[in-house]
Undergrad: 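Have a look at this one.
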Amino acid sequence: MAVEIPTKQTAAWIKNPGPDYELLIRNDIDVGVPSPQEILVKLEYSGICHSDCHNVIGQGKYTDIPGHEGVGIVVQLGSEADPNLLGKRVGIKWQWSNCKTCAACKKGQHNHCPNQGNTGRTVRGTLQQYILARADCVTMIPEGVPSEVAAPLLCAGLSLAGAVSRLEPEVKPGEWVAIVGAGGGLGHIGVQIASNKGYKVIAIDGGEEKKKLCKDMGAETFVDFTKVDVVETVKSLTDDEGAHAVICVAGSEKAYEQAVMLVRNTGVFVVVGLPPLTFMFPMSPLPIANRGLIIKGSSVGTNEQMDDLLQQVLAGKITPRIEVYDFEDSPKIIAELLRYEVTGRKVVKAPQ
Ligand SMILES: [Zn+2]
Ligand SMILES: [Zn+2]
């Protein structure tokens, strides 16, 4: 396949990561050359995730180009990459690489590999025209799933498929699952996944737009934290006991402080949203012990969960709410995410 690959490309580049950051659209960023196990992907679409805010505000060690939900076509192969990949449509996830030899990898839970590389963290992210990826870590996108629909599944969808799977074996269909931050890019897909599995979802978020989205996705009820006392409302819905499980998708400290109040004794609390590293879990070990709470961490999901999710999209069971924007809108979208203003998922079209 003769594809002309330029040496320079357009990308969204972070100047001065921190509170005074600027996200600039630059046309002079080098196009990478794949090393033996890598491939070069010409991106078509990229979702923008709340976690990309960590890059721009400099919360930890990240690269100068954010983005970790990209879909595109393989245009160049490293010398050891599978030749069948050339010309294929693939997805680039948060997990860029894994070691395949640690205990987590051997269990098939590559998403918890301690030696993983991450898109946008250890290598430049998907907000560029061309991205380098590991040939063994990309996801094949099935024909019939549009690239702009597949993009937000690669982090947002997968993260909630992973989180909802953590409810098992303790939480049974028909039981209450509260999702905190239910109307955002991750949350709304989680509402649908959990509802499809038969859980009764209490969607917690703010505003009419998010309420409508959560109801459309199958939530049993919506609790608007801007209007009512969330703890009281959830208790009243659940015989005063609290939800059987809580999935905290929101990444703010305030959200966590409230979320831990919503789970019943012997219930499950799933940690998904990512507050700053300085923030500690807001509950003393004493009530955790006395109440028999089960606290589980969840970060993205497994490759099997990813493939299953794409099949569910093909079957019309999962329908992420997306809006497509121009690449130049990326800085504006990041600013909106920082203010928690985005309902559903905003996806940008890569410059062609
Ligand atoms: Zn993400
Ligand atoms: Zn590993």
Side-chain angles (χ1 to χ4, degrees), residues 12 14 37 43 45-57 59-60 62-63 65-71 91-127 131 133-134 136-137 139 148-164 179 181-190 193 247-252 270-276 297-306 309 320-322 330 333-334 336-338 340 342 344-348:
I14 306 162
Q37 294 176 345
L43 288 160
Y45 289 93
S46 180
I48 304 187
C49 178
H50 197 274
S51 296
D52 293 319
C53 297
H54 292 296
N55 292 55
V56 298
I57 59 173
Q59 227 169 42
Y62 289 91
T63 68
I65 297 177
H68 53 267
E69 295 182 339
V71 176
I92 317 286
K93 304 183 288 295
W94 165 245
Q95 184 170 109
W96 190 82
S97 65
N98 55 59
C99 77
K100 295 180 179 54
T101 55
C102 72
C105 281
K106 281 184 182 160
K107 276 202 291 187
Q109 295 184 356
H110 304 102
N111 49 319
H112 296 299
C113 172
N115 310 311
Q116 66 186 279
N118 300 113
T119 313
R121 188 178 70 87
T122 50
V123 296
R124 282 175 158 180
T126 58
L127 288 182
I131 188 167
R134 285 279 302 224
D136 58 352
C137 276
T139 291
E148 62 272 36
V149 175
L153 298 172
L154 295 161
C155 170
L158 182 58
S159 296
L160 268 290
V164 171
I179 300 183
L186 281 76
H188 82 287
I189 306 177
I193 295 171
I247 300 176
C248 190
V249 182
S252 74
V270 185
V271 174
V272 183
L274 306 171
S298 190
S299 174
V300 290
T302 65
N303 293 336
E304 290 71 36
Q305 285 163 347
M306 187 71 248
L309 198 55
R321 184 69 57 89
I322 59 157
S330 303
I333 296 168
I334 292 266
E336 289 168 358
L337 283 163
L338 276 167
Y340 295 97
V342 177
R345 187 54 121 213
K346 294 193 172 178
V347 174
V348 293

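As a basis for the values below, the full set of heavy atoms in this structure was taken, side chains included, without hydrogen atoms, waters or symmetry mates. All of these numbers come straight from a predicted model, not from anything done at the bench. Numbering of ligands and ligand atoms starts at 1, following listing order.
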Undergrad: Can you measure from CD (Gln116) to CH2 (Trp94) and round to the nearest 0.5 angstrom?
TA: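 Gln116 CD to Trp94 CH2: 8.0 Å, rounded to 0.5 Å.
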Undergrad: Return yes when at least one N/O/S atom of His50 is nearer than 2.8 Å to the Zn ion (ligand 1), and no when none is.
TA: no
Undergrad: Check whether any side-chain heavy atom of Glu69 lies under 4.5 Å from a side-chain heavy atom of Leu153, and answer yes or no.
TA: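 No. Closest side-chain heavy atoms not under 4.5 Å.
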Undergrad: Return the CD1 to CD1 distance between Ile179 and Ile247, rounded to the nearest 0.5 Å.
TA: 4.5 Å
Undergrad: About how large, to 10 degrees, is the angle SG of Cys155, then the Zn ion (ligand 1), then NE2 of His68?
TA: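 It rounds to 110°.
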Undergrad: Indicate whether any N or O donor in one side chain lies under 3.5 Å from an N or O acceptor in the other, for Asn118 and His68.
TA: no
Undergrad: Atom NZ of Lys93 and atom CH2 of Trp96: how far apart are they, to the nearest 0.5 Å?
TA: 12.5 Å
Undergrad: Considering all heavy atoms of both residues, which atom of Ile189 and which atom of Ala156 are nearest to each other, and what is their separation?
TA: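 Scanning both residues, the minimum pair turns out to be CD1-CB, 4.1 Å.
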Undergrad: When you compare the side chains of Gln305 and Asn303, does any donor N or O come within less than 3.5 Å of an acceptor on the partner?
TA: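 The criterion, which ignores hydrogens and geometry beyond distance, is not satisfied for Asn303 and Gln305.
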Undergrad: Tally every protein N/O/S atom whose distance to the Zn ion (ligand 2) is less than 2.8 Å; waters are neither shown nor counted.
TA: 4
